[in-house]
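Data block below; observations after.
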Amino acid sequence: MEQKKVTLRIDNHSITVPDGTTILEAAQEIGINIPTLCHIDLKGMCINNHPASCRICVVEVEGRRNLAPSCATKCMDGMVVHTSNLRVMNARKVVAELIFSDHPNECLTCPKSGDCELQSLAKRFNICEMPFAGGELSLRKREVTASIVRNMDKCIFCRRCETVCNDVQTVGALGAVRRGFNTTIAPAFDKNLSESECTYCGQCVAVCPVGALTERDNTNKLIDDLADPDKVVIVQTAPAVRVALGEEFGYPAGTIVTGKMVYALRELGFDYVFDTDFAADLTIMEEGAELLDRLTRYLDGDRSVCLPILTSCCPAWVNFFEHQFPDLLDIPSTARSPQQMFGSIAKSYWAEKVGIPREKIVVVSVMPCLAKKYECDRDEFKVKGNPDVDYSISTRELATLIKRANIGFRLLPDSDFDQPLGDSTGAGVIFGTTGGVMEAALRSVYEIYTGSKLNKVDFQQVRGLEGIRRATIDLNGFDLKVGIAHGLGNARHLLNDIRLGINDYHVIEIMACPGGCIGGGGQPLHHGDVDIIYARQRALYREDASKPLRKSHENPFIQSLYEEYLSKPLSQKAHALLHTHYFNKSID
Amino acid sequence: MADIKIACTVIAQVKSICDKYGNDPGELINILHETQHLLGYLPEDVQRVIARKLNIPVSKVYGVVTFYTFFTMSPKGKHPISVCLGTACYVRGSEKLLEEFKRVLGIDVGETTPDGKFSLDCLRCVGACGLAPVVMVGEKVYGRLQPESVKKIIEELE
């Protein structure tokens, strides 16, 4: 049956849209950008917040007494809508002014300044003074965790964070508390995030329109370390950073800026510029070997083997199952994340190779992620209190640093990563997108399991952005069943099935953020534009395709790391340096 | 907020209330009502039990508990005192009564005395405006009270 259509007029344009379309969506189609604040809709990613609470998007609908919120009002046949007449413009301005009246006037020192949606509205509505004074409540919570900083005085109650935390991620750490003027968004019992089920995925930060939720800043610490002549400061960059950093310098989303990024990092003063992609290749060696080990034992009739095996590269995902599925702690791979593998190898193998004591080395990571900040702080990733990765900065923080150091990013030439920890294959690159770890693993597992060469390295069946995907891969007659989930809500679906014993997967990849790391909480803000995430994903596959080597086990530097140091995947040394264990963090 | 560990028997009772409502998240308010009727308040541990039974985040339960003033997280005293601040009582001086209760008991609205004997709350109209200003202690109504009588009432109850 053909979907019913409705025809209406918006600002003297006639438009026909499918029944159920909101006025906001219809207006967007004809290039009328009604301002919004609380509303966010990442189509295809299931991130949709439409409480219609801010009233910024009001429009006049002829025949209605009150102005209507365009984000929540459906188009109807014959409707006549005005999006910018005097009544609407004045009402919108007053709504914004009322929001400002309960918002600290601290733009100069706010970490969100320049990227704040409320600030942009002030500019857009030409608000040059604050007509409504007083009534401001400044007793709400401030908290600094390893990853996320909360300053709830700045909260405008758009509920975006609550929606992603509950509906998308199903973590349920944040919720509205109390009512009226005393409302705040907080974990249960007004506790700290660090005492809640928070996974530090940072998706709340990624959608917060103002400065209420921001990241823990490590740039000042980094500047100090870079200036310290006694320290050897080395950096690793995650795959998803190179396809997003350019956005901060005016490049279109999906521009690959790997070479400029490496050059800029040297300009900043890093002694060595390495690549997390190298460690991603290493992860495939260990995680792949673990999969093959579990699989062969299972096929030999050993029913004590835990299958499916779940990936463990994503620290927010690790937090999620430690909190919410403590009964399944033996299912995920014990392989550390690429960030941690890098740190561990840098402060052992590489440190010995170049003859620098561990204590003198500062390992910094540039990550699209906020949970990584927390991850490097975990005690099991420290040797006598000295962390394998000293700290992590986000893609956004790197952009800030580059600007602060007067580096003209767009004019920079390309540069290559240092060796040996900077060389990677295409398999390492695609770790940055949902489905990428799986595809990288398949490329190696196929060849190692079957002993035959893979003709086509692209596994199209695991690519895409659907929340849960499944595929069956023919390994020379054995059907390997793989599953992929991104977004913790989707992960929960798969985990519930596993708990109930109703699944037939052999291996599952899980990424906490919608889209995988390309949509991470530390990336340049998408402000609700889902095309940005799609563009980053395409860019990662382009970068992969351009690499001469595309299978992790073919990386010559990985091969020599095993020859010189680790001997083979899952060896005793590999276990000590590259694997970890998990904790029951359930709160009850 | 008193941090009191809840007895197993109480937890079993709370669980059976949840069961009675089919562990349906849509029945959260009814479940909280009945639980508060049983315990007199809704401590943290009890909210966690309810969240787990209904399979919803505890932040959601806490959100509802803090949204409605009827729900309380501190245990009520043996003698719960409620001062009416409805219009009739208010104009006849109930605010002064409230201040006197606060002074004599040494607690604020919503609090309980350390010995657990008295708790103090406000309410809006019990339908006895002819007796204004009105104070309820448990189920008993005291009418036409003056601040001077506050001390006597408390002494009698002690």
Side-chain angles (χ1 to χ4, degrees), chain A residues 51 139-141 143 150 152 155 157 159 161-199 201 204 319-320 323-327 488-489 492-493 495-496 499-500 585-588, chain B residues 1-8 10-12 14-15 18 23-26 28-29 31-33 35-36 39 41-75 85 108-111 121-124:
Chain A
L139 300 163
R140 296 186 191 115
K141 186 97 180 175
E143 182 192 1
R150 292 164 66 217
M152 299 320 287
C155 176
F157 309 106
R159 314 293 279 268
C161 57
E162 195 184 351
T163 298
V164 290
C165 190
N166 288 275
D167 302 349
V168 181
Q169 301 294 57
T170 67
V171 170
L174 289 173
V177 175
R178 289 178 288 280
R179 68 194 298 175
F181 208 56
N182 296 314
T183 311
T184 190
I185 308 290
F189 313 111
D190 289 275
K191 293 200 176 196
N192 288 327
L193 264 187
S194 54
E195 298 165 290
S196 76
E197 298 86 351
C198 177
T199 65
C201 73
C204 55
N319 283 336
F320 185 71
H323 275 295
Q324 316 240 358
F325 293 87
D327 49 322
L488 290 171
R492 182 185 288 278
H493 277 298
L495 282 183
N496 280 337
R499 206 178 236 171
L500 297 169
K585 288 192 192 156
S586 95
I587 286 180
D588 296 323
Chain B
M1 225 170 288
D3 189 20
I4 300 164
K5 280 284 163 213
I6 306 300
C8 308
V10 173
I11 288 177
V14 173
K15 283 182 175 170
C18 296
N23 296 311
D24 177 2
L28 176 60
I29 290 179
I31 292 167
L32 291 173
H33 250 280
T35 308
Q36 181 161 304
L39 303 176
Y41 72 122
L42 296 165
E44 181 178 325
D45 288 353
V46 164
Q47 292 184 44
R48 289 192 189 279
V49 170
I50 294 172
R52 219 173 322 135
K53 284 292 280 180
L54 307 191
N55 202 15
I56 53 175
V58 67
S59 59
K60 203 140 264 182
V61 178
Y62 180 66
V64 171
V65 168
T66 55
F67 186 87
Y68 295 103
T69 44
F70 173 79
F71 294 127
T72 172
M73 284 186 64
S74 38
L85 291 181
D108 214 334
V109 175
E111 291 181 350
D121 279 293
C122 308
L123 53 79
R124 303 274 156 162

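Residue numbering restarts at 1 for every chain, and letters A, B, ... go by the order of the sequence lines.
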Would the number of heavy atoms belonging to other residues, nucleotides or ligands and lying under 6.0 Å from CG of N55(B) be above 12?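 No.
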Should we count NZ of K53(B) as having more than 12 external heavy atoms under 6.0 Å? yes
Chain B contact via D190(A) - which portion, at a heavy-atom distance below 4.5 Å: both
Check each of V58(B), V65(B), V61(B) against F189(A) using the side chain to side chain contact (heavy atoms under 4.5 Å, CB included) test, and report the only one that passes. V58(B)
Among the listed options E197(A), E162(A), K191(A), the residue most often paired with chain B at heavy-atom distances under 4.5 Å: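 Winner by heavy-atom pair count: K191(A).
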Atom of T66(B), atom of R178(A) and distance for their closest heavy-atom approach: OG1-N, 2.8 Å
Non-hydrogen atoms of S59(B) and A173(A) that approach each other most closely: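 Smallest heavy-atom distance, with atoms named: CB-O, 4.0 Å.
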